[in-house]
Number of protein chains: 2
Amino acid sequence: MAVTMNDVARAAGVSLKTVSNVLNDYEFIRPATKQRVQDAIAELGYEANLTARSLRSGKTRMLGLVLSDLSAPYYAELASRLMKAASQRGYRVLVEQSDAVADVEVNALQGPFRQLTDGLLFTPLVMEADEIAARLGKKPLVMLGEHILDPRFDLVTMKNEEAAATLTTHLVADGRRRIAVIGAHPEESGGTAGLRLNGYRRALEKAGIPFDPALIAPCEWRRDGGAAAVAGLLDRGVEFDAAFGLNDALALGAMHELLIRGFKVPEQVAVAGFDDIDEARFASPSLTTVSPGMAEIADRSIALLIDRIEGQETADQGVHVEAGFQLQVRESAP
Amino acid sequence: MAVTMNDVARAAGVSLKTVSNVLNDYEFIRPATKQRVQDAIAELGYEANLTARSLRSGKTRMLGLVLSDLSAPYYAELASRLMKAASQRGYRVLVEQSDAVADVEVNALQGPFRQLTDGLLFTPLVMEADEIAARLGKKPLVMLGEHILDPRFDLVTMKNEEAAATLTTHLVADGRRRIAVIGAHPEESGGTAGLRLNGYRRALEKAGIPFDPALIAPCEWRRDGGAAAVAGLLDRGVEFDAAFGLNDALALGAMHELLIRGFKVPEQVAVAGFDDIDEARFASPSLTTVSPGMAEIADRSIALLIDRIEGQETADQGVHVEAGFQLQVRESAP
DNA sequence: GGCATCTTCTGCAACGATGTATCGCAGGAA
DNA sequence: TTCCTGCGATACATCGTTGCAGAAGATGCC
């Protein structure tokens with residue numbers, strides 16, 4: 001079997017507890033003793049049993065990350081960064097894909113998944129604030145990139161509305177007047193889609209351009225959704241000189257459909273997205289988009305969650321962090 | 001604190017072990033007793049403590065997945081599928097990003113990460129077969145999609161060589177004679193890159209086209225690597241009428257560079273990739289590529305690993321699975 | 001010298017589950 | 001009646017670690 005603390009203790013001629021103390025950096029240990037224990041550890045190749053430690057301490061040093069689908073480029077990159085940030089503070093990340101299914105979200109919040117983790121990074125797609133609050137246990141939870149702005153929860157997000165307004169203003173400055181929005185309902189106002197749509201409307205208003213609900217095309221937030229939405233607009237005879245995909249996948253799907261149908265991008269229709277995934281830079285034409293400061297989102301949310309776990313952050317109300325953003329002007333909408 | 005088995009036992013008026021027996025589907029329990037225990041569990045909202053169970057049983061019901069970088073589209077999609085497949089058999093997947101750093105790979109193999117998991121899905125990028133064999137513990141390990149074809153290891157991969165040959169033959173059939181390869185060294189023969197290069201060479205040979213090392217452009221397997229490799233070829237004055245990116249990211253980067261420089265794709269230069277990531281379908285022009293049967297790879301590798309863990313697969317030698325593939329002909333290389 | 005305090009180390013219990021051994025009680029065979 | 005077998009349930013030890021309480025010796029202070 002594996003080497004245990006008992007074996008180390010025997011080899012070093014000290015008690016079990018002394019070995020434990022050495023491992024946990026207990027203050028009062030004679031240097032000579034400490035050395036003897038460390039030598040024994042090295043010689044036997046001892047490694048602490050994390051399961052036993054977890055059982056005893058009640059901590060797993062794992063963070064849960066709940067998102068809809070890891071294969072979406074934005075989430076893949078975010079997960080990758082979160083893992084790296086967590087690892088720097090000695091934590092691991094366990095991912096749960098909800099597929100936007102309510103049951104899975106609920107289970108992540110209070111089921112076995114919760115048990116395995118010391119805290120949660122949560123991207124709720126189905127559950128509402130009250131429901132979450134009701135099922136929220138004692139372990140810390142940080143909301144990620146989503147719309148639920150509620151004093152009960154910590155939240156790390158970006159300036160969705162402001163960024164969408166900036167992007168829209170950029171399109172308007174280029175002379176675009178009929179800007180289609182891909183991925184929202186005309187009446188939407190909550191959620192990521194709603195916030196970005198609000199920014200769009202605010203920018204139009206400021207420019208004195210009337211809002212036309214016919215330009216708003218709802219669809220699934222995937223490449224094929226974006227393509228289908230544009231197809232729908234064109235088939236309905238809706239005219240537009242720009243398309244604003246509420247994320248890059250939507251924009252790229254939309255652009256693809258436009259190019260297939262023989263439209264010139266950006267000459268006839270400008271296309272812009274949101275998220276600045278790696279792919280946006282390498283699309284043809286390259287995609288104008290908003291870079292959401294993902295590094296900042298990842299670092300801040302990990303820091304906040306771990307500070308909550310370790311009791312270094314004690315604010316009664318939810319802490320709200322808004323990461324900055326940057327407009328990335330590229331070929332698709334100069 | 002949380003409800004324990006002891007609380008349930010007391011509530012149901014039975015012993016601790018009887019509760020355990022009910023939970024583990026022990027055969028000889030009177031239906032009435034079983035019912036009483038189940039009622040108590042439901043009433044108290046008892047949930048088994050996974051950590052305690054792990055400590056006692058030595059199993060965590062977690063699988064480790066070691067790959068270079070989760071933000072690479074291929075790996076993101078693979079990870080997503082692996083998680084879903086694992087979850088169907090009651091396992092979770094814990095991801096470790098190696099960034100192709102040797103230390104991280106070694107640690108994943110024998111460090112704390114190994115301890116947390118019952119088995120490993122391993123994509124070695126740095127370590128060699130002998131090194132892996134030397135550090136391999138007792139827990140099952142399945143190699144994933146990589147080149148190490150060794151009787152000591154289980155391996156799930158795809159027909160890399162055959163697929164690359166098929167793709168090359170397709171390009172040749174379209175009249176291409178000078179096909180650049182993006183992402184390999186001319187002398188390479190092992191590893192994913194080597195296998196695909198072998199397929200390329202075999203197809204050329206069969207068509208009676210001489211192999212020209214000048215057409216082989218090594219680079220990092222990322223979009224920007226592909227772009228840089230093509231830039232290098234063009235700047236060196238190497239002429240070619242097709243570019244075969246050894247994965248889709250490379251091909252898309254290459255295509256981007258070609259389009260920027262005013263080349264017509266596919267009229268002047270055809271472009272083809274490998275992996276059929278979602279993005280390939282929505283690129284402009286859409287990318288001809290090889291679809292590696294990822295669903296099959298994910299399902300088979302999870303099945304194999306779990307069968308090893310649970311003792312249902314007992315072959316002494318490594319089991320080798322080769323998933324099928326499909327040529328996806330699209331606009332970039334008709 | 002006597003007492004309090006600090007340093008260094010130890011032993012025991014506990015975290016919450018499962019494995020092993022065992023026990024009482026039926027019912028059937030001898 | 002006695003012995004045996006199988007069912008249904010139990011008690012106790014155990015997995016490897018950490019928290020708590022305390023012991024023994026060294027040191028400081030009056």
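In what follows, chains are A, B, ... by sequence order, proteins preceding strands, each numbered from 1. All heavy atoms count here, side chains included; hydrogens, waters and symmetry mates do not.
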Base, sugar-phosphate, or nothing: which does [X] touch, judged by heavy atoms less than 4.0 Å apart?
X     : value
A:N21 : base
A:T4  : sugar-phosphate
B:L50 : nothing
A:Y26 : base
A:I29 : sugar-phosphate
A:T33 : sugar-phosphate

A side-chain contact here means heavy atoms from C-beta on lying under 4.5 Å apart; do A:R114 and A:Q110 qualify?
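Of all side-chain heavy-atom pairs linking A:Q110 with A:R114, none is under 4.5 Å.
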
Could you state the interatomic distance from CG (B:L65) to OG (B:S301), rounded to the nearest 0.5 Å?
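Here the rounded value is 9.0 Å.
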
Under a 3.5 Å threshold, yes or no: a donor from one side chain and an acceptor from the other, between B:S68 and B:D99?
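Per modelled atom types, B:S68 and B:D99 side chains form no pair under 3.5 Å.
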
Can you give me the bend angle of the helix from C:dG1-D:dC30 to C:dA30-D:dT1? Use the axis through the first five pairs and the one through the last five, nearest 10 degrees.
60°

The answer to which of A:K17 and A:F28 contacts DNA chain C further toward the 5' end, by nearest nucleotide, is A:F28

Using a cut-off of strictly less than 4.0 Å, decide whether A:S20 has a side-chain nitrogen or oxygen near OP1 or OP2 of D:dT17.
no

Between A:T18 and C:dT10, is there a contact of a side-chain N or O with OP1 or OP2 at under 4.0 Å?
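It does, given that an N or O in the side chain of A:T18 lies less than 4.0 Å from OP1 or OP2 of C:dT10.
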
